[in-house]
Every structure is written in C-alpha cells, then in structure tokens.
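The structure appears below as structure tokens.
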Amino acid sequence: MFLDNNAEIVARELLGGILVRNIGNNELIARIVETEAYYGNDDPASRACKNGDLRKTMEMSAGTILVYGVHNNWMLNFVTGEKGKAEAVLIRAVEPLNFDSRCNGPGLLTKALEIDKSFHKRSIIKNKDLRILRKKECFDIEKSFRIGVSRDSEKPLRFYIKNNDFVSRK
DNA sequence: CATATGATGGACT
DNA sequence: GTCCATCATATGG
C-alpha cells in the first residue's frame, strides 16, 4: 500500500488524490492539493516529541487516521511508514470538487468535511465515511518549508500542486 | 481539578 | 507582513 512509504514520499503521492467524505446521503469529494510530512524523531517542528498520544498514534500502522486539535481547529493526518516509525502526513488544503466551501487550510478543510476527533485512530483503509482514492494525473509539484512552525528541519517538507488556487499559501 | 500550549485563521496595517 | 481570540488536549497535583 502506498501509505507504507516514508512520509515524505507519501506526502508527494497524496497530492492529486481524491478524498471522499460520506455524510448521510451526501458525498463530498475533494482533491488534495497541499500536504506536509511530519516525523516523531529528529523533527524540531513536530509536537510528537512532547505529546505522548500524538507520538503513539504516529507509531501505529500506515493508514491510521490521526486527528490533532490546535486552537479550535482539527487537523487531518494520515499515519505513514512502518509500524513503530512515528511518521505522518498532514493534509493542509483540498480543492472542493462537488461542493463549495473554503478548504485552503488544515482547520478549514476539516470543518468543511465535518471531520473531528471521532475519526482519530480509525483506519482510512476500511472506513466507509472517509475514503481516499488515488488518481493518475500530471502536475508540477512545488515544495517549501512547513508553515506555522517556529523551527523547521533542514529540508522542505511541504508539498503542493503548482499553480493551484486552493493551496493555503503560495 | 488547574494550567499551559499551539501543525490556526481571520482581521488588520 | 503582525496581532490575537479561543478551546480541545496533555500533563501534573
């Protein structure tokens, strides 16, 4: 499964992927346009160094949904890498395909897709309410340093689709 | 129970 | 770019 890879690889693989959220009879479809990779070890930006539960969740097997709350926002992450590795990818922005809502930020997209802590530690693989599809598509991937962190690692771990209007920041 | 703390967002200059 | 409201967590007593 593609989520088994290193967080950095998965962050890139996830771009262009389709997120399908079922709410009752409604189906919300969105395209992932911006991601960030996070590590539990050797990552000055990651809260996983201080936060036990976050760390533990990142060590779970690939495909585990990780929901992290900060201020009054939820952030949607997918655990990646081998079990015990403490890696995850944060979904920072999506492009709404069949609905109209601002999703250009980690807190905004969870609000739009009605994702909250109830998804925490559930698996994306066998989830009916939230699914992820991969799509073959060509686009340029742009990278930059992560956003909102006081001290980032040495290499850029944020990836987004070039020239896409729905990314949180150019 | 009390308190510290943001992987934010929005408003404003 | 800067400022800051605001609240779910984690952690410690």
Side-chain angles (χ1 to χ4, degrees), chain A residues 3 5-17 19 21 23 28 30-81 84-96 99-124 129-130 132 141-161 164-170:
Chain A
L3 289 166
N5 269 313
N6 177 283
E8 220 170 311
I9 311 282
V10 177
R12 266 189 288 256
E13 291 262 322
L14 241 24
L15 289 178
L19 223 45
R21 168 79 169 107
I23 305 168
L28 300 178
R31 181 162 164 256
I32 299 169
V33 298
E34 182 179 347
T35 59
E36 282 180 4
Y38 278 89
Y39 298 95
N41 299 319
D42 303 320
D43 189 343
S46 180
R47 306 295 145 245
C49 305
K50 296 191 286 191
N51 182 325
D53 179 60
L54 185 55
R55 171 59 181 270
K56 248 178 87 182
T57 311
M58 283 171 82
E59 288 176 355
M60 291 171 78
S61 49
T64 304
I65 300 170
L66 192 165
V67 179
Y68 178 59
V70 60
H71 292 85
N72 45 334
N73 299 288
W74 298 113
M75 325 241 146
L76 175 64
N77 303 250
F78 297 123
V79 175
T80 69
K85 271 282 207 172
E87 301 183 357
V89 172
L90 165 69
I91 311 299
R92 278 196 60 88
V94 298
E95 172 184 347
F99 61 102
D100 195 24
S101 188
R102 290 187 54 220
C103 296
N104 55 330
L108 293 174
L109 78 90
T110 51
K111 235 170 231 156
L113 297 178
E114 294 181 34
I115 289 165
D116 60 18
K117 193 76 175 179
S118 64
F119 282 91
H120 191 53
K121 290 184 181 171
R122 280 162 69 182
S123 170
I124 189 67
D129 301 332
L130 182 67
I132 184 161
I141 293 176
E142 197 78 45
K143 51 180 167 177
S144 79
F145 291 98
R146 291 172 296 187
I147 290 180
V149 297
S150 45
R151 195 171 152 246
D152 206 344
S153 62
E154 308 198 344
K155 41 181 183 172
L157 289 174
R158 169 176 177 250
F159 306 94
Y160 59 97
I161 297 179
N164 188 100
D165 292 333
F166 296 87
V167 301
S168 60
R169 192 190 112 191
K170 312 271 168 172

If you define the side chain from C-beta out and look only at heavy atoms, does anything of A:L14 sit under 4.5 Å from A:F159?
no
What I'd like to find out is whether the side chain of A:M75 reaches to under 4.5 Å of the side chain of A:V67, using heavy atoms alone.
no
Indicate whether OP1 or OP2 belonging to B:dT8 is found under 4.0 Å from a side-chain N or O atom of A:R92.
yes
Determine: side-chain N/O of A:K50 to OP1/OP2 of C:dT11, distance under 4.0 Å, yes or no.
no
Whole angstrom value for the distance that separates [atom2] of [N] from [atom1] of [X]:
| X | N | atom1 | atom2 | answer |
| --- | --- | --- | --- | --- |
| A:D116 | C:dC7 | CG | C1' | 14 Å |
| A:R151 | B:dG6 | CZ | P | 15 Å |
| A:Y38 | B:dT8 | OH | C1' | 11 Å |
| A:N51 | C:dG12 | CG | P | 12 Å |

Does [X] reach the main-chain N or O of [Y] with its side chain, forming a donor-acceptor pair under 3.5 Å?
| X | Y | value |
| --- | --- | --- |
| A:E87 | A:V79 | no |
| A:S46 | A:D43 | no |
| A:T35 | A:A11 | yes |

What nucleotide among [options] has an atom nearest to a side-chain atom of [X]?
| X | options | answer |
| --- | --- | --- |
| A:D53 | B:dT8, C:dA10, C:dT9 | C:dA10 |
| A:N73 | C:dT9, B:dG9, B:dG6 | B:dG9 |
| A:W74 | B:dG6, C:dC7, C:dT9 | C:dT9 |

Please give me every residue in residues 101-109 of chain A whose heavy atoms get under 4.0 Å of an atom in DNA chain B, ordered by residue number.
A:R102, A:G105, A:P106, A:G107, A:L108
Do the side chains of A:R122 and A:D129 get close enough for a salt bridge, i.e. N-O under 4.0 angstrom?
yes
Any strand, both distances under 3.5 Å, Watson-Crick or G-U wobble: C:dG13 pairs with none
Strictly by Watson-Crick or wobble contacts shorter than 3.5 Å, is anything paired with B:dG6, and which nucleotide is it?
C:dC7
Can A:H71 be classed as stacking with the base of C:dA8, given a centroid separation cut-off of 5.5 Å and a plane angle cut-off of 30°?
no
